[in-house]
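Contents: one structure, followed by commentary.
Labels below follow one simple rule: chain letters A, B, ... track the order of the sequence lines, proteins then strands, and each chain is numbered from 1.
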There are 2 protein chains.
Amino acid sequence: MDAVAALAALAQDNRLDVFRLLVQAGPDGMAAGAIAEALDLAPNTLTFHFDRLRMAGLATVRREGRSMIYAARFETMNALVGFLTENCCGGTACAPAPACKPARKRSRVPA
Amino acid sequence: MDAVAALAALAQDNRLDVFRLLVQAGPDGMAAGAIAEALDLAPNTLTFHFDRLRMAGLATVRREGRSMIYAARFETMNALVGFLTENCCGGTACAPAPACKPARKRSRVPA
DNA sequence: TCGTCATTTCAATAATCGTTGAAATATGGA
DNA sequence: TCCATATTTCAACGATTATTGAAATGACGA
């Protein structure tokens, strides 16, 4: 993982919003059009931001009919948080890195 | 804390290196000149990067004699990691955010 | 006061960024 | 096949970025 690339990908308002939406959408992802509508962004602008997220390893695409479905890559985000956690504590993690998983529909919430 | 500003501040090779060095240096900080030498960066370039880190709340300065001593602001880094942890897990933290503290000279390491 | 060390300020530059509008491409349905 | 939908590609633009060199500022010691 390239930490600087991942940080740069998230260091922009619209792109951070897009990624947050993707995280909320979970592993099934979300159609480009739906994201464009949710965030009120022009589709071509969105393509530009998707490219950045993908190049940083933070998102994937697949085609589904006419739609392009984008999904968050949680493992990359996980690695990024791990990197930052290690580097914010002087080279030694101050706590085990939290495991970031796709939001699951939890029927049972662990205490 | 402005997450985008903090992300942008760290999303650059030299600046990330500077911040990592500051984290290693701990709360006492490090003189600008020492950082310039350690990372082989021009002093004026460094001033530019320090400004970014400071504006993002990731560093502080104080004068000590002729030297300017820069230090990492751990609380901001902490908040950033917290923000990312929450946002990488679909709005709910998947684990308590790790407390990132200045590297301490630990005489006793907790089990 | 003078010189030197440590750092900042300023102006200039090339490179990258985010957005726009227009045109192209791909898919599915009538 | 023709049309509409969904998204991408492309060229252009102003804005921001990181770096450089030269000059300025501030602090200390002789």
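The distance from atom CZ of A:Arg62 to atom P of D:dT8 is 14 Å, rounded to the nearest whole Å. If you take CE of B:Met68 and C1' of D:dG26, they are 9 Å apart, rounded to a whole angstrom. Atom CE in B:Met55 sits about 13 Å away from atom P in C:dT8, given to the nearest Å. At whole-Å resolution of the value, CG in B:Asp51 and P in D:dA18 are 12 Å apart. Regarding A:Glu37, its CD atom lies at a distance of 15 Å from the C1' atom of D:dT7, rounded to whole Å. Rounded to an integer number of Å, the gap from B:Phe48 CZ to C:dT7 P is 19 Å. Following rounding to the nearest Å, A:Asp13 (CG) and C:dT19 (C1') show an atom-to-atom distance of 14 Å. Between A:Ile69 atom CD1 and D:dT8 atom P the separation is 11 Å, expressed in whole Å.
Checked by atom type and distance alone, the side chain of A:Asn87 pairs as donor or acceptor with a backbone atom of A:Phe83 at under 3.5 Å. No donor-acceptor distance shorter than 3.5 angstrom exists from the side chain of A:Arg73 to the backbone of A:Leu53, with no hydrogens or angles considered.
Residue B:Arg63 places none of its side-chain N or O atoms closer than 4.0 Å to OP1 or OP2 of C:dT7. Proximity of A:His49 to the phosphate of C:dT19: a side-chain N or O atom is located under 4.0 Å from OP1 or OP2. At D:dT25, none of the side-chain N or O atoms of B:Arg66 fall inside 4.0 Å of OP1 or OP2 (strictly under the cut-off). Side-chain nitrogen and oxygen atoms of A:Thr45 include none within less than 4.0 Å of the OP1 or OP2 phosphate oxygen of C:dT19.
A residue-by-residue look at B:Phe50 and A:Leu41 shows that B:Phe50 has its nearest nucleotide of DNA chain C further toward the 5' end. Comparing B:Tyr70 and A:Asn44, the nucleotide of DNA chain C nearest to each residue sits closer to the 5' end for B:Tyr70. Residue whose closest nucleotide on DNA chain D sits further toward the 5' end, between B:Arg52 and B:Ala42: B:Arg52.
Looking at heavy-atom distances under 4.0 Å, B:Ser67 makes contact with sugar-phosphate atoms alone, never a base.
Between the side chain of A:Asn14 and the base of C:dG18, no donor-acceptor pair under 3.5 Å is found.
A heavy-atom distance below 4.5 Å is found between the side chains of A:His49 and A:Thr45. Looking at heavy atoms from C-beta onward, A:Arg63 lies out of side-chain contact with A:Ile69 at the 4.5 angstrom threshold.
Put simply, the residue from A:Val18, A:Leu22, A:Leu80, A:Leu10 that forms a side chain to side chain contact (heavy atoms under 4.5 Å, CB included) with A:Leu58 is A:Leu10.
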